[in-house]
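Remember, it's a predicted structure, so these values are computed and weren't measured experimentally.
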Amino acid sequence: MSLERVNPAELSPPTGFSHAVVATGSRLVMLAGQTALDGAGRVVGDTLPEQFETALANLLAALKAAGGTPDRLARVTVYAVDVADYRACAPELGRIWRRLAGRDYPAMAVIGTTRLWDEEALVELDGIAVLDQG
């Protein structure tokens with residue numbers, strides 16, 4: 001099993017993501033969208049970085065339960081209710097990502113949305129991971 005991160009020289013240098021990820025493996029894990037819900041089902045955190053950290057931790061907890069690690073993420077989609085705020089917080093969000101998930105960046109997209117399932121949620125992350133046979 002392998003993940004090859006591909007960043008062509010003719011594209012803008014990626015910061016905090018990979019342009020493409022070529023995955024070879026035998027188990028594909030689809031990770032449901034995760035917001036900043038705590039174990040009791042309440043959204044925690046008042047700021048985007050606080051909610052991003054919890055949402056990412058939740059995504060990684062689901063991945064771990066499926067037998068994976070952050071470096072196995074091939075694709076992550078971020079849904080943000082305020083893309084301008086997301087851009088403004090990008091350096092802090094990058095630090096949170098590196099602390100929790102490391103520097104093996106998946107292919108990523110950030111998509112603006114008017115609201116998420118939980119009204120208080122500011123951000124949601126979903127993903128795809130490729131694991132060894134298990």
Side-chain angles (χ1 to χ4, degrees):
M1 191 272 317
S2 70
L3 291 178
E4 175 190 0
R5 286 150 177 88
V6 180
N7 294 300
E10 64 270 20
L11 296 180
S12 175
T15 302
F17 70 96
S18 294
H19 283 292
V21 176
V22 179
T24 304
S26 55
R27 290 184 66 214
L28 192 61
V29 178
M30 307 295 184
L31 297 162
Q34 299 293 324
T35 60
L37 291 178
D38 65 11
R42 293 181 302 259
V43 174
V44 295
D46 296 322
T47 67
L48 177 63
E50 290 170 337
Q51 288 198 17
F52 180 86
E53 182 167 356
T54 302
L56 178 57
N58 289 345
L59 186 79
L60 296 176
L63 176 58
K64 182 178 181 181
T69 54
D71 62 317
R72 302 292 66 184
L73 286 167
R75 171 92 180 146
V76 170
T77 303
V78 178
Y79 304 91
V81 296
D82 186 340
V83 174
D85 189 28
Y86 189 92
R87 287 179 63 94
C89 293
E92 185 175 357
L93 302 178
R95 287 189 293 276
I96 292 166
W97 179 278
R98 288 186 297 278
R99 182 169 39 83
L100 297 180
R103 291 185 175 270
D104 291 317
Y105 299 113
M108 294 182 76
V110 176
I111 298 174
T113 185
T114 55
R115 72 162 288 214
L116 297 164
W117 182 263
D118 298 298
E119 253 183 77
E120 304 85 9
L122 302 174
V123 65
E124 182 169 334
L125 288 80
D126 69 19
I128 299 172
V130 180
L131 310 181
D132 290 322
Q133 182 67 33

Could you please spell out the steps behind the side-chain contact (heavy atoms from CB on, under 4.5 Å) verdict for Val43 and Leu37? CA-CA 4 Å; Val43 174; Leu37 291 178; 3.7 Å; yes
Using a 3.5 Å distance criterion without hydrogens, assess whether the side chain of [X] forms a donor-acceptor pair with backbone atoms of [Y].
{"X": "Thr47", "Y": "Glu50", "answer": "yes"}
{"X": "Arg5", "Y": "Tyr105", "answer": "yes"}
{"X": "Arg98", "Y": "Gly94", "answer": "yes"}

Taking all atoms of both residues into account, what is the closest heavy-atom pair of [X] and [Y], and its distance?
{"X": "Val44", "Y": "Gln51", "value": "O-CG, 3.4 Å"}
{"X": "Pro49", "Y": "Ile96", "value": "O-CD1, 3.5 Å"}
{"X": "Val81", "Y": "Thr114", "value": "CG1-O, 4.2 Å"}
{"X": "Ala74", "Y": "Val130", "value": "CB-CG2, 4.3 Å"}
{"X": "Leu100", "Y": "Ala57", "value": "CD1-N, 4.3 Å"}

Hey, what do you get for [atom1] ([X]) to [atom2] ([Y]), rounding to the nearest 0.5 Å?
{"X": "Thr35", "Y": "Leu116", "atom1": "OG1", "atom2": "CG", "answer": "7.5 Å"}
{"X": "Thr69", "Y": "Asp104", "atom1": "OG1", "atom2": "CG", "answer": "8.5 Å"}
{"X": "Ser18", "Y": "Leu73", "atom1": "OG", "atom2": "CG", "answer": "11.0 Å"}
{"X": "Leu63", "Y": "Leu56", "atom1": "CG", "atom2": "CG", "answer": "10.0 Å"}

Which pairs count as ring pair (Phe, Tyr, Trp, His ring centres under 6.0 Å) when at least one residue sits in residues 18-75, sequence neighbours excluded?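 Every pair satisfying ring pair (Phe, Tyr, Trp, His ring centres under 6.0 Å) with a residue in residues 18-75: Phe17-His19.
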Side chains of Val123 and Leu48: does their closest heavy-atom pair fall under 4.5 Å?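 A side-chain contact exists here, since the closest heavy-atom pair is under 4.5 Å.
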Any side-chain heavy atom of Asp82 within less than 4.5 Å of one from Leu122?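 A side-chain contact is absent here, since even the closest heavy-atom pair is not under 4.5 Å.
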Report the residues that fulfil side-chain contact (heavy atoms from CB on, under 4.5 Å) with Pro70, sequence neighbours left out, ordered by chain and then residue number.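 Pro70 satisfies side-chain contact (heavy atoms from CB on, under 4.5 Å) with Leu60, Ala101 once adjacent residues are dropped.
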Hydrophobic clustering (ILVMFWY, side-chain heavy atoms < 4.5 Å, transitive) - are Leu125 and Trp117 grouped together?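 Different clusters.
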Is there any salt bridge (charged side-chain N to carboxylate O under 4.0 Å, His left out) pair reaching into residues 112-126, and which pairs are they, with sequence neighbours excluded?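 Qualifying pairs, neighbours excluded: none.
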